[in-house]
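Quick notes on the structure that follows.
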Amino acid sequence: MKWLIRGGAVAAWLAVSALLVVGTANLEPGQGERPVDAFGFAVVMLACLALAAAWRLPVAAAGTEAFALLLYLGLGYPDGPVLFAGLVPLFALGALRPRRLAYAVAGGMAVIVVGANLATGGAGVLDLVFVGWAGFAVFAADALRARRERAAAAEQAERDRVLGERLRIAQDLHDSVGHAMAVINVQSGMAEHVIDDHPEVAKEALGVVRTVSGTILDELNAMVRLLRDDSAPLRPAPGMADLPALVASANQAGLAVTLDLDAPGIGQPVGGAVYRIVQESLTNAAKHGAPTAEVTVRADESGLRLDVINEVRAPGPDVPGAGISGMGERAKATGGTLTAGREDGRFRVSARWP
């Protein structure tokens with residue numbers, strides 16, 4: 001493919017160069033103009049060579065074209081196709097270099113063309129045509145570059161949106177699976193201990209395992225369908241109204257959780273962040289064997305306040321894990337702040353939204 005592109009560029013350059021040379025050879029000098037001789041053709045060939053470097057070295061190519069035009073017109077050769085050889089470097093300048101530089105070079109080239117012809121007494125309509133086309137070449141290239149930049153910005157914005165959506169899905173998946181696995185771990189461990197002496201309790205625990213595993217499998221299936229097919233029906237994101245069901249699920253897992261919820265009118269996305277932070281906090285409590293947990297969600301004139309406090313039976317690492325980091329990111333993404341740490345033998349997660 002690269003060879004085809006290069007071959008096409010070479011063919012286009014040869015065709016344009018042939019047109020310039022043949023067009024110059026057929027010029028008839030006017031009164032006071034000098035016939036195109038060998039030196040004139042050499043200047044035309046210099047302009048043709050500059051065209052070959054227009055897209056790689058646009059500034060150098062434009063300077064060479066200006067020099068060639070100054071020689072050609074300053075020596076009194078007749079106006080002809082060589083005038084328009086400078087349009088290609090000007091277009092390349094407008095597309096690849098700052099617009100101020102491109103317009104400055106176009107203005108300088110126009111001054112050279114008009115000034116050289118005025119000095120030799122050969123100024124005419126063709127010079128004005130060149131001035132107009134020189135300005136248009138830079139303007140068209142600048143407009144093309146602006147359009148390309150807007151398209152690139154739109155593509156980058158779409159990539160950022162997709163990346164953000166994937167990050168959100170990954171966070172939701174981490175929270176949901178982590179919560180489900182914590183419940184399954186607690187309930188299956190309890191069933192293992194009581195299955196001989198209290199089979200009815202073990203049966204109840206296994207029922208909870210079955211319910212939780214089925215729920216998380218449904219959620220995973222929905223996420224996979226969403227990733228594979230954009231037209232897949234979306235389930236509403238969990239929010240404040242789902243907190244009682246979440247607490248009930250944690251109670252079924254053997255963690256005694258109390259919920260104090262008084263935050264009317266809190267919708268998405270803050271409600272979703274509250275739900276996921278509570279879910280992750282209860283998951284961590286179940287993992288570390290906390291017997292009880294307290295969830296408080298209240299809203300007043302100062303803002304929204306969330307506290308999740310659970311007892312700590314065993315010492316744990318002080319370095320925040322991925323779960324706490326994820327909770328902090330959720331709070332920050334919705335305009336809030338989050339702190340988490342041990343105090344007086346308990347672990348507290350506190351989030352605030354002004």
Side-chain angles (χ1 to χ4, degrees), residues 163-183 216 219 235-251 253 255-313 315-354:
L163 182 61
E165 184 66 14
R166 288 179 176 175
L167 178 60
R168 185 192 66 80
I169 292 175
Q171 289 176 332
D172 287 349
L173 192 60
H174 169 271
D175 294 344
S176 299
V177 173
H179 179 74
M181 295 307 296
V183 173
I216 192 60
E219 188 166 346
R235 297 196 327 181
M240 303 284 281
D242 300 291
L243 285 177
L246 177 64
V247 169
S249 173
N251 285 326
L255 181 64
V257 183
T258 60
L259 174 63
D260 182 2
L261 177 60
D262 185 13
I266 304 297
Q268 299 289 13
V270 174
V274 170
Y275 179 91
R276 293 302 185 185
I277 292 173
V278 173
Q279 184 183 51
E280 179 64 21
S281 300
L282 296 180
T283 299
N284 290 338
K287 285 181 180 178
H288 297 293
T292 61
E294 302 171 4
V295 179
T296 304
V297 184
R298 288 186 171 274
D300 53 29
E301 59 274 2
S302 64
L304 179 65
R305 177 171 56 89
L306 165 64
D307 291 291
V308 183
I309 305 173
N310 62 267
E311 296 183 18
V312 179
R313 285 182 171 175
D318 293 330
V319 180
I324 294 178
S325 299
M327 288 190 289
E329 291 172 0
R330 287 186 182 277
K332 183 178 180 180
T334 52
T337 59
L338 183 137
T339 58
R342 298 170 181 269
E343 56 178 42
D344 299 329
R346 300 190 301 175
F347 194 89
R348 175 190 290 270
V349 174
S350 297
R352 301 290 184 269
W353 287 266

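Remember, predicted model here, so these are calculated numbers, not experimental data. What's counted below: heavy atoms across the whole structure, side chains too, no hydrogens, waters or symmetry copies.
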Checklist entry - Taking all atoms of both residues into account, what is the closest heavy-atom pair of Pro354 and Gly335, and its distance? => result CD-O, 3.4 Å
Item to check | Candidate pair Asn284 and Met327, rule side chain to side chain contact (heavy atoms under 4.5 Å, CB included), full reasoning | outcome: CA-CA 12 Å; Asn284 290 338; Met327 288 190 289; 4.3 Å; yes
Item to check | Separation of Glu311 CD from Thr292 OG1 (nearest 0.5 Å) | outcome: 3.5 Å
Checklist outcome for this item: Tightest non-hydrogen contact, residues Thr334 and Val270, listed as O-CG2, 4.0 Å
Next on the checklist: How close do Tyr275 and Gly239 get, counting heavy atoms only, and between which atoms?
Outcome noted: CD1-O, 3.6 Å
Checklist entry - Taking atom CZ of Arg346 and atom CD1 of Ile309, what is their separation to the nearest 0.5 Å? => result 4.5 Å
Checklist entry - If you measure from OG1 on Thr339 to CZ on Arg348, what distance do you get to the nearest 0.5 Å? => result 8.5 Å
Next on the checklist: Nearest 0.5 angstrom please: Asn310 CG to Glu294 CD, how far?
Outcome noted: 9.5 Å
Item to check | Identified side-chain contact (heavy atoms from CB on, under 4.5 Å) counterpart of Val278 within the set Val295, Asp242, Thr283, Val349 | outcome: Val295
Item to check | For Ala331, all residues meeting side-chain contact (heavy atoms from CB on, under 4.5 Å), sequence neighbours excluded | outcome: Ile277, Leu338, Trp353
Checklist entry - Are Met240 and Pro264 close enough that some pair of their side-chain heavy atoms sits under 4.5 Å apart? => result no
Checklist entry - Applying salt bridge (charged side-chain N to carboxylate O under 4.0 Å, His left out), which residue pairs with at least one partner in residues 258-269 are found, sequence neighbours left out? => result Asp260-Arg298, Asp262-Arg298
Item to check | Heavy-atom closest pair, residues Ser281 and Val308 | outcome: CB-CG1, 3.6 Å
Next on the checklist: Restricting to non-hydrogen atoms, name the atom on Ala293 and the atom on Leu282 that form the minimum distance, rounded to 0.1 Å.
Outcome noted: CB-CD2, 4.0 Å
Next on the checklist: According to salt bridge (charged side-chain N to carboxylate O under 4.0 Å, His left out), who are the partners of Arg305, at least two apart in sequence or on a separate chain?
Outcome noted: Asp307
